[in-house]
Peer 1: 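Sharing a structure here in structure tokens format.
Naming convention: chains lettered A, B, ... in sequence-line order (proteins, then strands); numbering from 1 in each chain. Treat the numbers as computed from the prediction; the structure is a model and nothing was measured.
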2 protein chains.
Amino acid sequence: MKDLIPEATVRRLSHYLRCIEMMEKCCYGENLQSKDLARMCSISDSVVRRDLSYFGTFGIKGVGYDLKRLKDSIKRILGLTEKKKVVVVGVGNIGRALIGYLSRVDGFEVVAAFDNDPQKIGKKIGKIKIEDAVNITPITANLNAEIAVVAVPSDEAQKVVNRLVKGRVKGILNFALVPLKVPDDVTVRYIELLTELEVLTYNIKKRRKS
Amino acid sequence: MKDLIPEATVRRLSHYLRCIEMMEKCCYGENLQSKDLARMCSISDSVVRRDLSYFGTFGIKGVGYDLKRLKDSIKRILGLTEKKKVVVVGVGNIGRALIGYLSRVDGFEVVAAFDNDPQKIGKKIGKIKIEDAVNITPITANLNAEIAVVAVPSDEAQKVVNRLVKGRVKGILNFALVPLKVPDDVTVRYIELLTELEVLTYNIKKRRKS
DNA sequence: TTTTCCTTGTGAAAGTTTTAACTTTCACAT
DNA sequence: ATGTGAAAGTTAAAACTTTCACAAGGAAAA
């Protein structure tokens, strides 16, 4: 049980979990082998075993893993034991999409949405009323939401994040294209759509040449 | 000028570009030093220099980089010389958000949108008419679009991708939570929103303990 | 012209992640 | 009870990335 786990490993655990859930639906069977999981994820089986071994031993040698037990183990490792409360800041295109997306995902639940546009404040998206962004701190603290999605223009992102941090948010999914400053106990993950498109463009150009 | 460039380097080039454009707007000046760029990106200056050095030499020792020249160089490296045509497949929450987002970004332009829902086909989003997803191949080929955004349910993603590949798409930004099979000359990049949230959850749990 | 200053560009080391090969252990058949 | 086969878990090597420190080289001042 190592202390520092490669980030790629954690990402893959999430992939494994999704595969397992898909397999459950398809009545795949009780037993699951690293090579099956690997094939589904388009990686090699030794990566699967390596990844799992960071966290302990979950399988039976010569046999494989118990599907249900492995699923539970991965959920526990990732901390997905109960529904997580999420607040969304910025109800533009992307914020709205996230609210819609998360409503159809279990494991996460949008409990509040914020914007600073008076036109939007007070309106509803599904069951969620849009609150004024000035109230981020008290509302978030009160709801005990640990995760926030930030989908506001870049120049407002840091301000919003400061309020979220005061509201005791511990994890932020940031769609704004700026690096955010947060205390050590807060994690930020970046979704950089423009960067992804630009990397894609680079790859296209490169492959054309070779 | 190395042959294989770290992916992280390419991502950072995109960040540098964004910083430079921001600096231009703020009348930062003609000259730019690696340490300034580094500060803006919250990284160290040697990373900036190393990243650039993969592609050639762009600065003047003892002085720095010419802002405008560096911007053009990075654009050229990334292949951002002309507007790129993008097609969007799947006009749900996320597809719609992407269309809206890209309309306000220069460098990329949505030229077609597809869905398989008869309710949606024929309707318009901004200037874009939603086409039937069965026509992906001819329309995409005809428009000469090289980039596609895939925002359809996971179980339809591969089918859609096959049509895109036939339509000569060379880069795919995939929001579906499945690995896609594509020929060697096609690049896929994954945006895994659920995975990001799960990794965030893992990090929150871990930090609470330490 | 020469010296000094300054920042770039880069070689080498350190650190990290992935890959592959190997060892161990369990279940089951004999 | 024991041997065999198969797949998990582990170790070691390779590949890749980042970091560090300094040499190189141009600009400006003396």
Peer 1: Can you see which heavy atom on B:Val152 is nearest to which on B:Gly90, and at what distance?
Peer 2: CG1-CA, 3.7 Å

Peer 1: Using atom CG of A:Leu70 as one end and atom C1' of D:dG9 as the other, report the distance to the nearest whole Å.
Peer 2: 14 Å

Peer 1: Roughly, in whole Å, what's the span from CG in B:Leu4 to P in D:dT17?
Peer 2: 7 Å

Peer 1: CZ of A:Arg49 versus P of C:dT19: gap in Å, rounded?
Peer 2: 13 Å

Peer 1: Between A:Asp45 and A:Arg49, does the salt bridge (Lys or Arg N to Asp or Glu O under 4.0 Å) criterion hold? Intermediate values first, please.
Peer 2: CA-CA 7 Å; A:Asp45 52 336; A:Arg49 294 197 298 275; 3.3 Å; yes

Peer 1: Any side-chain N or O of B:Tyr65 below 4.0 angstrom from OP1/OP2 of C:dG9?
Peer 2: yes

Peer 1: What does A:Ser34 touch in the nucleic acid at a heavy-atom separation under 4.0 angstrom: a base, only the sugar-phosphate, or nothing?
Peer 2: sugar-phosphate

Peer 1: Counting side-chain heavy atoms from C-beta on, which of C:dG9, D:dG9, D:dA8 comes nearest to A:Gln33?
Peer 2: D:dA8

Peer 1: Name the residue from A:Lys166, A:Lys159, A:Gln158 that meets the side chain to side chain donor-acceptor pair (under 3.5 Å) definition with A:Asn162.
Peer 2: A:Gln158

Peer 1: CG of B:Asp66 versus P of C:dT8: gap in Å, rounded?
Peer 2: 13 Å

Peer 1: Within this structure, what is the NZ-to-P distance between A:Lys61 and D:dA7, rounded to whole angstrom?
Peer 2: 14 Å

Peer 1: Using whole Å, report how far CZ of A:Phe58 lies from P of C:dC26.
Peer 2: 16 Å

Peer 1: Between A:Val47 and B:Val63, which is nearer to the 5' end of DNA chain C once each is assigned its nearest nucleotide?
Peer 2: B:Val63

Peer 1: Would you say A:Ser53's side chain and A:Arg50's backbone share a donor-acceptor pair under 3.5 angstrom?
Peer 2: yes

Peer 1: Let me spell it out: for each of A:Thr57 and B:Gly62, pick the nucleotide of DNA chain D with the closest heavy atom. Which residue's pick is nearer the 5' end?
Peer 2: A:Thr57

Peer 1: In whole Å, I'd like the distance from the CG atom of B:Asn31 to the P atom of C:dC6.
Peer 2: 14 Å

Peer 1: Examine the base of C:dT18 for any acceptor or donor lying under 3.5 Å from a partner atom in the side chain of A:Arg50, and report the outcome as yes or no.
Peer 2: no

Peer 1: Let me confirm one number: the CG-CD distance from B:Asn203 to A:Glu7, rounded to the nearest 0.5 Å.
Peer 2: 7.5 Å

Peer 1: When you measure from the side chain of A:Ser46, which nucleotide among C:dT18, D:dT18, C:dA21 comes out closest?
Peer 2: C:dA21

Peer 1: DNA chain C: A:Ile60 or B:Lys35, which has the more 5' nearest nucleotide?
Peer 2: B:Lys35

Peer 1: A:Pro6 has a side chain; which of D:dT19, C:dT18, C:dA27 sits nearest to it?
Peer 2: C:dT18

Peer 1: Can you tell me how far P of C:dT18 sits from CG of A:Leu52, to the nearest Å?
Peer 2: 14 Å

